[in-house]
Protein chains: 4
Amino acid sequence: MDTPEPRPHTGRRRNEAARQAILDAALRLAGAADGASVTIDAIARAAGVGKQTVYRWWPSKGAVLLDALIDRAGQDVTVPDAGTLHDELRSFVATTFEAAQQDPTSAVLRALLRESARDPHLADLLQRYTATRRAVLHALLERGRARGELATGADLDLMVDQVYGLFWYRFVLGHGPLDAPTAERLTATLLAAAGQAGRLPSGPADAD
Amino acid sequence: MDTPEPRPHTGRRRNEAARQAILDAALRLAGAADGASVTIDAIARAAGVGKQTVYRWWPSKGAVLLDALIDRAGQDVTVPDAGTLHDELRSFVATTFEAAQQDPTSAVLRALLRESARDPHLADLLQRYTATRRAVLHALLERGRARGELATGADLDLMVDQVYGLFWYRFVLGHGPLDAPTAERLTATLLAAAGQAGRLPSGPADAD
Amino acid sequence: MDTPEPRPHTGRRRNEAARQAILDAALRLAGAADGASVTIDAIARAAGVGKQTVYRWWPSKGAVLLDALIDRAGQDVTVPDAGTLHDELRSFVATTFEAAQQDPTSAVLRALLRESARDPHLADLLQRYTATRRAVLHALLERGRARGELATGADLDLMVDQVYGLFWYRFVLGHGPLDAPTAERLTATLLAAAGQAGRLPSGPADAD
Amino acid sequence: MDTPEPRPHTGRRRNEAARQAILDAALRLAGAADGASVTIDAIARAAGVGKQTVYRWWPSKGAVLLDALIDRAGQDVTVPDAGTLHDELRSFVATTFEAAQQDPTSAVLRALLRESARDPHLADLLQRYTATRRAVLHALLERGRARGELATGADLDLMVDQVYGLFWYRFVLGHGPLDAPTAERLTATLLAAAGQAGRLPSGPADAD
DNA sequence: CGATAAGCGAGACGGTACGTCGAGTCTTGTA
DNA sequence: TACAAGACTCGACGTACCGTCTCGCTTATCG
């Protein structure tokens, strides 16, 4: 049973240099100024590219930004896998906090939020992206539970959302710190509760 | 010698009916469809009002929406002040969750987020608004601490932001429930940790 | 020393089927709808041909149309050479009128005019094409003059342009008929005047 | 029975200065260069006006040009009404020839033709405009016929179209002169024929 | 027979102009 | 002076064609 030989490809191939130039331009513009003027026209002009070339490959401005984020700033939050759940979780949270506040990433994240507010399609993409991030954290917690460091009844989804909820809330409003001590205290809070799961109201089955 | 009584008033007075019509129209449009087409032109047209009349009294579209939210849907989250901190907190959280998901409020909140992403002025207003909400919750916690129900070292700001962070995170993404059981578990988590404050790393001075 | 015999030929030969398909597609599209959407892309797509294949052989869209016109509809206006100048002229005019109003030709002519308005290169081609048409009519008149049926001072160029002028004017605007009676009356007008050339102001030398 | 009092007018009035600036800019651009770059954007920019203001009042670029032509260059071909039909006709034709070849008018006419080729709406407008021009010439001829200077059977429509046909044909192609001698010879041709109407095949009733 | 040289379908590329939308401002006449 | 109406400038939007440029492949001719 061989492959249906869909089509070996025909026509000119995508210009990788143009792709890079567009992502670069998007990052540069998102980082500059107050984030206004992140326009498709501006991105295309800054990349030395026709507008159509942007629209050919991305459905919206925000999709470009998201792509830029994943390509350029996505590889930084790694799971350390060192020792106790407490250490792992604290490290994960602190790294997440820190990474988001570095210079290009922060601007892109804000630009993404700005765009996703208008563009339902981007909102969808962003939702999918955040889901993968949640999944990573969820897996981390699950490994801890498997090692007996969490009560079996612990609501992992809630724990995950408490981390990312706090993160986004402070990131957007900027009224409170997202630093290492905060990561430490947040971790302690979550584990203090989940370690006493017997006294907690039982969460959902959480079979995943 | 006090102010020279400059002029009691001259010219036509503000038309209260127009104000109401504008807020109504804003709510109606924000609730309708997917929330797109909440335009100043659309609001003015729907309210049977000139655009200038909107701009005369509000600095931006978002300010109109925020005003509508406060006028129409703002008075519902009250602090019960009944019994233990645990009950008070659970009630507050559950009420917050519920109120935000009712029909006109939910749409307006989403419209507000959408606008605040673009409009820095509205972002400022919204920040001030959320600050008042945080202050209410902070006061609630502080009363509890005064009654000895919280460790003295507890980071109240962190607790507040965990509540609102989870709320906004789930409200925006819609991937998890914001129901009474969730409120219950969240409350339990927060208090389980804060009751053992002695074992927590000490938070900031929290002098407010 | 003649041409350096550059190279007899090498490589693949021109695909005649593609040529025909392109001309067919051009005619079909020019005839369809209101004539809009006669695009190079559309022609190429309709002909199942790459755009480059069009540009390889024709300098512009209009050149394709002109080629189609000459190939498909060009051979119909013949000079009868039967009897008197009056009869010949009337026949020529009537045939010209009729031929232009037949179905594929009419649409292509209009499409050509449309394109030539934009494309200076096509305008040039079209000018050359109309010049050959004028030359045919001019020769017909000259033969008549040689037979003594026209005054020697007659301005043949003016007569030619009166025929084609009337034709194009009515063809484009469509406000008056281009039928046999019109051809008859036009012929009579021209000959009535040119038969009395002695009383006319003398025209240019008309040496051609 | 009074008027239905449609509306006394409300809202800001049309800015006449903007209208003039747009027409001026259109003429200027049409006259400059080779006529390319007569763009809506360019007109708006040159007029110091938003694009929307152009679109608010004219359906297309060509409509602007036509308006400019009528406003600025339309008042020049007047009917002299001096003496014989021959003199009147010659004068009319010569003036028409001359006016069209003066500097701003010529460019605008060419730009109009260019646009009308693409824009069916403009083609319609242009058709209406040419009809009014034909009507003027038709009236001139009719007065001559009433004075007995034309045969009663003369096909006035044909005569009119011979004048304008020759004019447009030479104006567009530019292969022959549109000067006073040409006007003189054309006039002579037309009148030579129409003066002998008895020998012409009878035209249409021409009852207008 | 292989090397070389086009021609070909497909389609991505940098551009330019299009016509529309929404924003915030301004100018009318009326109340 | 507020108001309804609506014209104004500005700037971004997403689309349509233009003419050019690769791709991988298919023919042809020539050494």
Side-chain angles (χ1 to χ4, degrees), chain A residues 7-15 17-18 36-42 44-45 47-57 59-61 118, chain B residues 7 9-15 17-18 37-42 44-45 47-57 59-61 118-119, chain C residues 7-15 17-18 36-42 44-45 47-57 59-61 118-119, chain D residues 7-15 17-18 36-42 44-45 47-57 59-61 118:
Chain A
R7 192 165 45 99
H9 182 76
T10 187
R12 188 175 181 173
R13 241 81 66 71
R14 177 171 187 177
N15 183 349
S37 82
V38 186
T39 300
I40 289 273
D41 289 80
R45 210 174 322 118
V49 142
K51 243 197 308 182
Q52 200 63 258
T53 299
V54 179
Y55 282 112
R56 207 190 323 274
W57 301 110
S60 70
K61 191 193 329 182
R118 298 272 174 145
Chain B
R7 190 164 34 102
H9 184 75
T10 204
R12 190 173 181 174
R13 236 79 64 73
R14 176 168 187 182
N15 183 348
S37 81
V38 186
T39 301
I40 288 274
D41 289 79
R45 211 174 319 116
V49 140
K51 256 202 298 184
Q52 198 57 256
T53 301
V54 180
Y55 282 111
R56 205 185 330 270
W57 301 110
S60 71
K61 188 192 338 181
R118 298 271 174 147
D119 180 353
Chain C
R7 193 161 32 95
H9 183 74
T10 199
R12 189 174 181 172
R13 242 80 67 70
R14 177 171 188 178
N15 182 348
S37 81
V38 186
T39 300
I40 288 275
D41 289 79
R45 211 174 318 116
V49 140
K51 255 200 303 181
Q52 197 59 256
T53 300
V54 179
Y55 281 112
R56 207 189 325 274
W57 302 110
S60 71
K61 187 191 339 180
R118 298 271 174 145
D119 180 353
Chain D
R7 193 165 43 99
H9 182 74
T10 188
R12 186 176 181 173
R13 241 82 69 68
R14 176 172 187 177
N15 184 349
S37 82
V38 186
T39 300
I40 289 273
D41 289 78
R45 210 175 321 116
V49 142
K51 246 201 303 185
Q52 200 62 262
T53 299
V54 180
Y55 282 112
R56 205 190 326 274
W57 299 109
S60 70
K61 191 193 329 184
R118 297 273 172 144

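Below, read A as the first sequence line, B as the second, and so on, with proteins coming before strands; counting in each chain starts at 1.
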Participant: Would you please name every residue forming a side-chain contact (heavy atoms from CB on, under 4.5 Å) with B:R56, sequence neighbours left out?
Facilitator: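 Testing B:R56 for side-chain contact (heavy atoms from CB on, under 4.5 Å), a comparison that skips the adjacent residues, returns B:Q52, B:T53.
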Participant: By nearest heavy atom, map A:A47 and C:T53 onto DNA chain E; which one lands nearer the 5' end?
Facilitator: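 Here C:T53 is the residue nearer the 5' end.
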Participant: Considering just the side-chain nitrogens and oxygens of C:R12, establish if one lies under 4.0 Å of OP1 or OP2 belonging to E:dA5.
Facilitator: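 For E:dA5, OP1/OP2 do not have a side-chain N/O of C:R12 under 4.0 Å.
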Participant: Starting from P on E:dT27, measure out to CZ on B:R56 and report it in whole angstrom.
Facilitator: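 Between P of E:dT27 and CZ of B:R56: 15 Å.
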Participant: Determine, stepwise, if the pair D:K51 / D:I40 fulfils side chain to side chain contact (heavy atoms under 4.5 Å, CB included).
Facilitator: CA-CA 7 Å; D:K51 246 201 303 185; D:I40 289 273; 3.7 Å; yes
Participant: Classify every nucleotide of nucleotides 17-23 of chain E by which part a protein heavy atom approaches to under 4.0 Å, writing B for the base, S for the sugar-phosphate alone and - for neither, in 5'-to-3' order.
Facilitator: SSBBBBS
Participant: Do the non-hydrogen side-chain atoms of C:V38 and C:K61 ever get within less than 4.5 Å of each other?
Facilitator: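 Yes. Closest side-chain heavy atoms under 4.5 Å.
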Participant: Counting only side-chain N and O atoms of C:W57, is one of them less than 4.0 Å from OP1 or OP2 of E:dC8?
Facilitator: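 Checking C:W57 against E:dC8: at least one side-chain N or O falls below 4.0 Å of OP1 or OP2.
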Participant: Closer to the 5' end of DNA chain E via nearest nucleotide, is it A:R14 or D:R13?
Facilitator: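 Result of the comparison: A:R14.
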Participant: List in chain and number order the residues that pass side-chain contact (heavy atoms from CB on, under 4.5 Å) with C:R14, two or more places apart in sequence or in another chain; answer none if no residue qualifies.
Facilitator: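 If we apply the side-chain contact (heavy atoms from CB on, under 4.5 Å) test to C:R14, skipping adjacent residues, the hits are C:R19, C:W57, C:W58.
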